[in-house]
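Here the structure comes first, spelled out in structure tokens, and everything after it is commentary.
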Amino acid sequence: MRREGFELQVSQPQVITKEIDGAMCEPFEEVFADVRNELSGDVIKKLSNRKGVLTNIKEEGGISRLTFEIPTRGLLGYRGEFIIDTRGEGILSSRFIGFKPEVGRIDKHEYGSMISMEKAKPSVLLFGISKTEEHSILLRALKYMKA
């Protein structure tokens with residue numbers, strides 16, 4: 001973006017590290033995730049792959065509250081995946097808890113989202129959905145209007 005002689009460049013966020021007692025340390029966060037019981041396994045798996053440590057589970061009324069300690073860089077970019085995994089029904093919040101030693105490489109991002117904004121005849125729409133299902137997860141089937 002250029003405006004009035006100034007230039008602005010946006011890049012991926014980077015975590016600020018500190019050296020504490022001779023060891024490189026990174027920020028950690030405590031994460032609270034409220035999800036339906038049947039979806040909690042997906043959330044636990046994803047956050048564990050991002051070096052999160054499950055510290056507590058509480059279940060009440062079909063909802064599980066999962067508590068994790070996770071490096072901030074493991075949490076970066078996860079909110080979108082969380083929405084996909086919980087079909088938009090989960091609540092994710094976090095708070096900074098301090099600096100801890102680095103945990104090593106973190107693997108992220110398995111897939112994205114495909115969105116259609118066009119209306120189509122049912123036969124065309126079904127053909128399109130059948131081809132995209134091979135490459136993605138279908139979140140919601142649409143109700144069709146007679147064309």
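Basis for what follows: all heavy atoms, side chains included, without hydrogens, waters or symmetry-related copies. Sequence positions, counted from 1, serve as the residue numbers for this chain.
- Side chains of Arg36 and Ile63 form a contact here, defined as non-hydrogen atoms less than 4.5 Å apart.
- Between the side chain of Thr17 and the main chain of Met24, no donor-acceptor pair closer than 3.5 Å is present.
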Step-by-step side chain to side chain contact (heavy atoms under 4.5 Å, CB included) determination, Leu66 to Leu54:
CA-CA 7 Å; Leu66 310 172; Leu54 183 63; 4.2 Å; yes

For a side chain to side chain contact (heavy atoms under 4.5 Å, CB included) check, start with the C-alpha distance between Val43 and Leu47, then their side-chain angles and the critical distance, and finish with the verdict.
CA-CA 6 Å; Val43 174; Leu47 286 175; 3.9 Å; yes

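- Asp85 contributes atom CG, which lies 9.5 Å from atom NZ of Lys45 (distance to the nearest 0.5 angstrom).
- Residues Ala33 and Phe82 share a closest heavy-atom pair of CB-CE1, 4.0 Å.
- Rounding to the nearest 0.5 Å places CZ of Arg79 at 8.0 Å from OG of Ser93.
- Legend: residues meeting salt bridge (charged side-chain N to carboxylate O under 4.0 Å, His left out) with Glu26, ordered by chain and number and at least two apart, are Arg73.
- In this structure the side chain of Leu75 never reaches within 4.5 angstrom of the side chain of Phe68, judged on heavy atoms.
- The distance from the CD1 atom of Ile44 to the CD1 atom of Ile57 is 4.5 Å, given to the nearest 0.5 Å.
- Between Arg87 and Glu89 there is no salt bridge, since no side-chain N of the basic residue sits under 4.0 Å from a carboxylate O of the acidic one.
- Without hydrogens or angle criteria, Arg95 side chain to Phe32 main chain gives no donor-acceptor distance under 3.5 Å.
- Pairs of residues two or more places apart, or lying in two chains, never qualify as salt bridge (charged side-chain N to carboxylate O under 4.0 Å, His left out) while including a residue from residues 10-22.
- One finds the CG atom of Leu76 at 8.5 Å from the CZ atom of Arg50 (value rounded to the nearest 0.5 Å).
- Within the structure, no pair that satisfies the salt bridge (charged side-chain N to carboxylate O under 4.0 Å, His left out) test touches residues 54-64, not counting sequence neighbours.
- At least one donor-acceptor pair under 3.5 Å links the side chain of Thr55 to the backbone N or O of Thr67.
- Nearest heavy atoms, Gly90 versus Val35: CA-CG1, 4.4 Å.
- Here the side chains of Tyr78 and Ile70 are not in contact, with every heavy-atom distance at 4.5 Å or above.
- Phe96 and Leu92 fall into different hydrophobic clusters, where Ile, Leu, Val, Met, Phe, Trp and Tyr side chains are chained together by heavy-atom contacts under 4.5 Å.
- Put simply, the side chain of Ser40 gets close to the backbone of Asn37: a donor and an acceptor are under 3.5 Å apart.
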